[in-house]
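Here the structure comes first, spelled out in structure tokens, and everything after it is commentary.
Below, all heavy atoms of this structure are taken into account, side chains as well, without hydrogens, waters or symmetry copies.
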2 protein chains.
Amino acid sequence: MSAHGRLSQEILAQTALALADDEGVESVTVRRLAQRHSVTPMALYRHFKDKDEIFDSLAERLLASVAIPAPDRRPWHEQTHDLLTAFVAALRPHPNAAGLILGRILDSNPGLVVAERMLVLLTEAGFGVEAAAETASQALCSVVTLVVTEPGRRRGADAEARDDAIRAKKATLTALSPRHYPHVVAAANALASCSSEEQYYARGIRMIVAGIRGIQAALETAVA
Amino acid sequence: MSAHGRLSQEILAQTALALADDEGVESVTVRRLAQRHSVTPMALYRHFKDKDEIFDSLAERLLASVAIPAPDRRPWHEQTHDLLTAFVAALRPHPNAAGLILGRILDSNPGLVVAERMLVLLTEAGFGVEAAAETASQALCSVVTLVVTEPGRRRGADAEARDDAIRAKKATLTALSPRHYPHVVAAANALASCSSEEQYYARGIRMIVAGIRGIQAALETAVA
DNA sequence: ACCTGAACACCGTTCAAGT
DNA sequence: ACCTGAACACCGTTCAAGT
């Protein structure tokens, strides 16, 4: 790669994301980013004030990749389900970087678009301003956490290392005292990895939507 | 402090937690931990294999501080509510460190005790082994995320800096285009900070429990 | 305008040594 | 057994300089 006019926020955010995908967020350093572009570390400081801004850009890039479904005439909870599903679909390819989104949803336009859409749906559902704000925040953060804590994923490890880690975890949990932890031992396999990622995410999203509906029901009985 | 026989895993985990509370997790370094005990950095390596083990111990300490309610005869969802409330109560004093728990619940006995209790309650509710495992994991991780992403908190900042950050965030959100983000602008205050932490956590926990009950209801209709 | 180079204060971790 | 000291390879960031 040449080192002339080839740098930009966008391209550096893309490289940072690739680096996080390959080796984990802790491997995203100013120096390694510079190295990938055959450039001095200091060259990056033309495009970013500091390292945190690199992570801001990375999070923005991730949020921009959410394919927000167009509003339609179905009930709010079905549309919420689809919005959260789209959110998860955007994050799943990037489990190492997804956690960076947590404090940054309201810090970029793509994140604000997602938040705005969520608030619209909760307003349709009858939530007041404050309840909608806190519920939207919790729903979006829960979805991120679903990806970050997917059982059996290992930060920045290749498939083989991942399988070894899962096997080791299963062995450890299975070897626990069945007297003290009978349910943990019985569930060792499911706790160490998902048998089906699709089922894991489908159930997780259903649970979040069900939670919002539960809160909403309480709202309505309070009004009545 | 003397430097003779004064070090131990427990005491170092305590110092690490205090350091995280005061200045954020990124300030928890081997060298600063050693400094707080008037000791050479290398002295810590008698008690920990590497830095990650320090975080493991810190997480274990946090999980050990959960005051798990004694089982009683009330319905599973009420007991689940109280268990999650106790979990939140243990984490709230340590918002900077709470995130360290996320991948570590099954890595220590105190965490396993919490997980086992959660699995017992979900089994009472009628969940199968795999559904209970994934649901327990999601519920506990969501509760952690609730603390980590509490609106308006700032990692390792004092009260004044925190207020400044909240004021700035409110101003930024309020100044957004009301054409593009009407609901975000209207909810600016609630998005930037909680007006009531008690309400925020109460609603958050209710939403998680309601989510579990929603999944359970789907289970029962599938059986019927 | 954009990139380089040298320097500074930090970091985790190794190895060999002290007592 | 427990801690020290010097060293190594890394890190983010500053400042002054090149073109």
* Take the protein atom NZ of B:K49 and the nucleotide atom C1' of C:dG12, then report the distance between them rounded to whole Å. => 13 Å
* Name the stems that DNA chain D belongs to, where each is three or more consecutive Watson-Crick or G-U pairs with both distances under 3.5 Å? -> C:4-8 with D:12-16, C:12-16 with D:4-8
* To do: State which of C:dG12, C:dC3, C:dT14 makes the closest approach to the side chain of A:L7.
  => C:dC3
* Asked: B:R46 has a side chain; which of C:dG12, D:dT13, D:dC2 sits nearest to it?
  -> D:dC2
* Structure fact -> A:D50 atom CG is separated from C:dC10 atom P, nearest whole Å, by 18 Å
* Structure fact -> Taking D:dT4, D:dC11, C:dT13 as options, the one with an atom nearest any side-chain atom of B:A43 is D:dT4
* State whether A:R32 and A:D22 are salt-bridged, where the test is any N-O pair (Lys NZ or Arg NE/NH1/NH2 against Asp/Glu carboxylate O) under 4.0 Å. => no
* Using 4.0 Å as the upper bound for N to carboxylate O, is an ion pair formed by B:D52 and B:R104? -> yes
* Minimal non-hydrogen separation, A:R153 against A:V148, with atom names -> NE-O, 2.7 Å
* **Distance test, side-chain N/O of A:T40 to OP1/OP2 of C:dC3, below 4.0 Å** => no
* Would you mind reading off the distance between A:D52 atom CG and D:dC11 atom P, rounded to a whole angstrom? => 17 Å
* B:I11 has an atom CD1; how far is it from atom C1' of D:dC3, in whole Å? -> 17 Å
* To do: For residues B:A188 and B:T174, report the shortest heavy-atom separation together with the two atoms involved.
  => CB-OG1, 3.6 Å
* **Length of the line joining A:Q35:CD and D:dC10:P, which is rounded to integer Å** => 9 Å
* Asked: Between B:F55 and B:V28, which heavy-atom pair has the shortest distance, and what is it?
  -> CE2-CG1, 3.8 Å
* Hey, does the side chain of A:H47 come within less than 4.0 Å of C:dC2's phosphate (OP1/OP2), counting only N and O? -> no
* To do: With DNA chain D as reference, determine whether A:V28 or B:P41 sits nearer its 5' end, using the nearest nucleotide of each.
  => B:P41
* Asked: What integer distance in Å separates A:M42:CE from D:dC11:C1'?
  -> 13 Å
* Return yes if a side-chain donor-acceptor contact under 3.5 Å exists between A:Y201 and A:E150, otherwise no. => yes
* For the side chain of B:K51, counting heavy atoms from C-beta on, which of C:dT4, C:dG12, D:dG12 is nearest? -> C:dG12
* What are the two closest non-hydrogen atoms of A:F87 and A:V66, and how far apart are they? -> CD1-CG2, 3.6 Å
* For the pair made of OH in B:Y45 and P in C:dA16, what is the distance, rounded to whole Å? -> 17 Å
* Asked: Which listed nucleotide (D:dC11, C:dC3, C:dC15) is nearest to the side chain of A:R32?
  -> D:dC11
* Whole angstrom is fine here: how far is it from CD in B:E23 over to C1' in C:dC11? => 15 Å
